[in-house]
Amino acid sequence: MVSKILDGKALAKLAEEDIQTNVSRLKEKGITPTLATILVGLDPASATYVKMKQNACARLGMDSIAVELSKDTTTDELLNSINKLNNDKNVHGILLQHPVPSQINERKCFDAINVHKDVDGVTCLGFGQMTMGEKAFGSCTPAGIMRILKHYQVEISGKTAVVVGRSPILGKPMAMMLLNENATVTICHSRTKNLEEQIKNADIVIGAVGVPRLIQKDWIKEGAVVIDAGYHPAEKCGDIDLEGIDNIASAHTPVPGGVGPMTINTLILNTLLAAQQEN
Ligand code: NAP
């Protein structure tokens, strides 16, 4: 068996063409889709992620507004910034870069984002709406993974899916999105007993853990679809040991070039959709 590569990088590039066309159409009407990014503190990795998102906006003809706050920012000060952006008619999407410094109540700040501008899918309201199958921007990484699965026509309905990780931005919404597509979903986490046994039953495996190569290739069922959301640049790997996966899986996302590019693309797509919905 040769595992099919689920090429997120190529898919994101393809999607960009369509996004660019739609951005041009909106601009002809005098509307420029605009993403506001909020960065609190000087964490270099966060600054790089925000820059990548701003660059994607620029590449596609969209505007971005950069709000940069000091590491000593309080919850109230951050809430104030979010409210200003909520009330700014020229801002269609708001991204609060995670994580924020520990003195800030991150959940309270996420939930202060107007759900119509929650293009990163971080609010409890948006999560609830998505889970109930209502219209909402889902969290970008799992929503990007769903776009990959759909594009490559991976069958989800009736399949057994194991999601390893239960974070609010990745594992939990991922599980709900797969459930909404009629998969039978198991969510694993740090207290799960016998992870290997859970994974051995899975038709679809999602690695969303943050531990390099935690999921071993010997645990993967023959013919399974393997999605690796992790990326560890120092180790040059993701959360799943993908070496030799070619002879085991039926399809897999590469690391890098799989899930990552679709996360940013989904954020940009959601900002476009938010601008279209408002106008
Ligand atoms: P996170 O908030 O740290 O959550 C990690 C999850 O993994 C937690 O639910 C944790 O369980 C679980 N876990 C940790 N060790 C485990 C173990 N030994 N066995 C089973 N489960 C374990 O991380 P995250 O933000 O969801 O990110 C997960 C991964 O995705 C990271 O590699 C991150 O870099 C990557 N990521 C990629 C993108 C992208 O755009 N490609 C975006 C976001 C994240 P508990 O809940 O019990 O602690």
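Order of appearance sets the numbers: ligands from 1, and atoms from 1 within every ligand.
- Within a 4.0 Å radius of atom 33 (C) of ligand 1, the protein contributes no heavy atom.
- Around atom CD of Gln153, no more than 12 heavy atoms belonging to other residues, nucleotides or ligands sit under 6.0 Å away.
- Nearest to atom 20 (C) of ligand 1 among the protein's heavy atoms is His189 O, 3.1 Å.
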> Between Cys109 and Thr75, does a side-chain contact (heavy atoms from CB on, under 4.5 Å) hold up when you go through it step by step?
Replying inline: CA-CA 7 Å; Cys109 293; Thr75 299; 4.0 Å; yes
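- Counting only N and O atoms by type, the side chains of Thr37 and Gln54 include a donor and acceptor under 3.5 Å apart.
- Under 4.0 angstrom from ligand 1, the non-hydrogen atoms of Asp239 all belong to its side chain.
- Results of the side chain to side chain contact (heavy atoms under 4.5 Å, CB included) test with Leu35 over Thr271, Asp120, Ile65, Ile94 single out Thr271 as the only residue that passes.
- Near Thr263, with a cut-off below 4.0 Å to any heavy atom, the atoms of ligand 1 are 39 (C), 40 (O).
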> After noting the C-alpha distance and the side-chain angles of Leu178 and Met174, does the key distance pass the side-chain contact (heavy atoms from CB on, under 4.5 Å) rule?
Replying inline: CA-CA 6 Å; Leu178 289 165; Met174 183 79 257; 4.0 Å; yes
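- Nearest protein neighbour of atom 11 (O) of ligand 1, counting heavy atoms only, is Ser190 N, 3.2 Å.
- Residue-level proximity to ligand 1 for Ile264 is absent, since no heavy atom of it falls below 4.0 angstrom.
- Atoms of ligand 1 found under 4.0 Å from any heavy atom of Gly210, numbered from 1 in the order shown, are 28 (C), 29 (C), 31 (C), 32 (O).
- The cluster map of Ile, Leu, Val, Met, Phe, Trp and Tyr, joined by side-chain heavy atoms under 4.5 Å apart, puts Ile187 and Phe127 in the same cluster.
- In the vicinity of Leu214, heavy-atom distances shorter than 4.0 Å reach the ligand 1 atoms 17 (C), 18 (N), 19 (N).
- Using a 4.0 Å cut-off to heavy atoms of His232, the atoms of ligand 1 that qualify are 32 (O).
- Ligand 1 has Ala208 within reach: a non-hydrogen atom of the residue lies less than 4.0 Å from it.
- Annotation: atom 26 (O) of ligand 1 to nearest protein heavy atom, Ser167 OG, 2.5 Å.
- Distance from atom 30 (O) of ligand 1 to its nearest protein heavy atom, with residue and atom name: Leu170 CD1, 3.3 Å.
- Of all protein heavy atoms, the one closest to atom 43 (C) of ligand 1 is Thr141 OG1, 3.8 Å.
- The nearest non-hydrogen atom to atom 37 (C) of ligand 1, considering only Gly165, Ala229, Gly230, Pro256, comes from Ala229.
- Residue Glu155 places its CD atom among 12 or fewer non-hydrogen atoms of other residues, nucleotides or ligands, all under 6.0 Å distant.
- Nearest protein neighbour of atom 9 (O) of ligand 1, counting heavy atoms only, is Arg166 N, 2.8 Å.
- Within ligand 1, the atoms closer than 4.0 Å to a non-hydrogen atom of Val209 are 5 (C), 6 (C), 7 (O), 12 (C), 13 (N), 14 (C), 15 (N), 16 (C), 21 (N), 22 (C), 28 (C), 29 (C), numbered from 1 in the order shown.
- Across every non-hydrogen atom of Gly238 and Val255, the tightest pair is N-CG1, 3.7 Å.
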Just distance, no hydrogens or angles: give the donor-acceptor pairs under 3.5 Å from side chains in residues 199-217, sequence neighbours left out.
from: Lys200; atom 1: NZ; to: Glu196; atom 2: OE2; distance (Å): 2.9
from: Asn201; atom 1: ND2; to: Glu197; atom 2: O; distance (Å): 3.3
from: Asp203; atom 1: OD1; to: Lys221; atom 2: NZ; distance (Å): 2.7
from: Asp203; atom 1: OD2; to: Thr160; atom 2: N; distance (Å): 2.8
from: Lys217; atom 1: NZ; to: Asp241; atom 2: OD2; distance (Å): 3.3
from: Lys217; atom 1: NZ; to: Glu243; atom 2: O; distance (Å): 3.2

Between side-chain atoms of residues 142-151 and protein atoms elsewhere (two or more places apart, or another chain), which donor-acceptor pairs fall under 3.5 Å?
from: Arg147; atom 1: NH1; to: Asn265; atom 2: OD1; distance (Å): 3.0
from: Arg147; atom 1: NH1; to: Thr266; atom 2: OG1; distance (Å): 2.8
from: Arg147; atom 1: NH2; to: Asn265; atom 2: OD1; distance (Å): 2.8
from: Lys150; atom 1: NZ; to: Glu181; atom 2: OE2; distance (Å): 3.2

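- Residue Tyr49 qualifies as open at atom OH: its count of foreign heavy atoms under 6.0 Å is 12 or below.
- Of the protein's non-hydrogen atoms, the one nearest atom 25 (O) of ligand 1 is Ile169 CD1, 3.7 Å.
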